[in-house]
Amino acid sequence: MKTVERWHSDRMRQDITLVRWGHDGAPVLILPTAGGDAEEIERHKMVRHLQDLVDAGHIRVYSCDSVAGKAMMHSWGDVGYRCWLLNQFHQAVAKEVVPAMQADSGHQLVTVAGSSIGAFNSVALIARFPQLFRVAIAMSGTFDIQRFIGGYTDDLFYSSPQRFVPGMSGPALDLLRQRFVMLASGTGAWEDVDESWRMADVLGAQGIPNRVDNWGPDYEHEWPTWWAMLPQYLRELLGVG
């Protein structure tokens, strides 16, 4: 069962699409890679690899466009615009995408997952909005986002967990310490597990539960790696299937 919604986001000043697969179960938001759209995970067969969990009603899968990622990939606008758009993308997910999911699936905490730039966005979202997300599954993460944007402004500070998490305190940090971040990476071609370890160090220094899994040299920065990882972690962390 697939549904597609599209609307204009005033926050980002452009359209965004949200797609759902499934009819019941825990809401799982899978964020695309850098330049991907809401249907990327279907084209690249991730939905097929989750089909048994979807068909059994264990999970309901959602995905939205990688609006800020496209701007990074194509160098749209200047550095200030790309930093602004990343911040606004996170705000749009929290204040538009998640409410749309909750209206559809009930007011449950969301599991957020993604690969590469999608992994960065997953960690950023749970860190910025722990009241909305319960678990982040970050696969083959690329967390040094400044090199993709091409520079830095204050908008990037508020969007990048490597920058803002060390200064967190108070109720938001207390709530984030009740969440969990899974950081998984191979060591094959185009993988850099050290990025995950550095992110883990930032989270761990603030007492935020996390785990790094090194899948080894047979796992490259490619969809077959993520096909293996995501179903396993959803079963483990959500206790389904």
Trace of the salt bridge (charged side-chain N to carboxylate O under 4.0 Å, His left out) decision for D65 with R6 = CA-CA 10 Å; D65 297 329; R6 188 171 182 83; 3.7 Å; yes

Are the side chains of [X] and [Y] in touch, meaning some heavy atoms are under 4.5 Å apart?
X: L86; Y: I149; result: yes
X: Q102; Y: Q108; result: no
X: V97; Y: W7; result: yes
X: L125; Y: V98; result: no
X: M199; Y: F120; result: no
X: F89; Y: S159; result: no
X: R128; Y: Y158; result: yes
X: R60; Y: W21; result: no

Please test Q232 against W227 for side-chain contact (heavy atoms from CB on, under 4.5 Å), starting from the C-alpha separation and ending with a verdict.
-> CA-CA 9 Å; Q232 174 178 314; W227 294 341; over 6 Å; no

Using the side-chain contact (heavy atoms from CB on, under 4.5 Å) rule, take L183 and E195 through it: C-alpha gap first, then chi angles, then the decisive distance, then the call.
-> CA-CA 9 Å; L183 299 155; E195 290 233 20; over 6 Å; no

Could you give me the CA-CA distance, side-chain angles and deciding distance for E42 and K2, then say whether salt bridge (charged side-chain N to carboxylate O under 4.0 Å, His left out) is met?
-> CA-CA 11 Å; E42 184 175 59; K2 177 181 175 181; 2.7 Å; yes

Does the pair D52/R235 count as a salt bridge with the N-to-O cut at 4.0 Å?
->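 Yes, charged N to carboxylate O under 4.0 Å.
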
Determine whether more than 12 heavy atoms belonging to other residues, nucleotides or ligands lie under 6.0 Å from atom CH2 of W76.
->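 Correct, the count exceeds 12.
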
Should we count CZ of R48 as having more than 12 external heavy atoms under 6.0 Å?
->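 No - once you tally the heavy atoms of other residues, nucleotides and ligands closer than 6.0 Å, there are 12 at most.
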
Salt bridge (charged side-chain N to carboxylate O under 4.0 Å, His left out) evaluation trace for R43 with D37 = CA-CA 10 Å; R43 290 193 304 275; D37 61 14; 3.1 Å; yes

Closest heavy-atom pair and its distance - [X], [Y]:
X: D55; Y: H23; value: O-NE2, 3.5 Å
X: L50; Y: P231; value: CD2-CG, 3.7 Å
X: V212; Y: A200; value: CG2-CB, 3.5 Å

Should M182 and V202 be regarded as members of a common hydrophobic cluster, given that ILVMFWY residues are connected when their side-chain heavy atoms come within less than 4.5 Å of each other, either directly or indirectly?
->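 Different clusters.
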
In residues 130-144, what donor-acceptor pairs under 3.5 Å come from side-chain atoms, sequence neighbours left out?
from: S140; atom 1: OG; to: E191; atom 2: OE1; distance (Å): 3.0
from: S140; atom 1: OG; to: E191; atom 2: OE2; distance (Å): 2.8
from: S140; atom 1: OG; to: W226; atom 2: NE1; distance (Å): 2.7

In residues 24-34, what donor-acceptor pairs under 3.5 Å come from side-chain atoms, sequence neighbours left out?
from: T33; atom 1: OG1; to: E40; atom 2: OE1; distance (Å): 3.4
from: T33; atom 1: OG1; to: E40; atom 2: OE2; distance (Å): 2.6

Do T225 and E220 meet the criterion of a side-chain donor-acceptor pair at a distance under 3.5 Å?
->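 Looking only at side-chain atoms, E220 and T225 do not form any donor-acceptor pair under 3.5 Å.
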
All side-chain contact (heavy atoms from CB on, under 4.5 Å) counterparts of H58, not counting sequence neighbours |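 Testing H58 for side-chain contact (heavy atoms from CB on, under 4.5 Å), a comparison that skips the adjacent residues, returns L53, A56, V240.
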
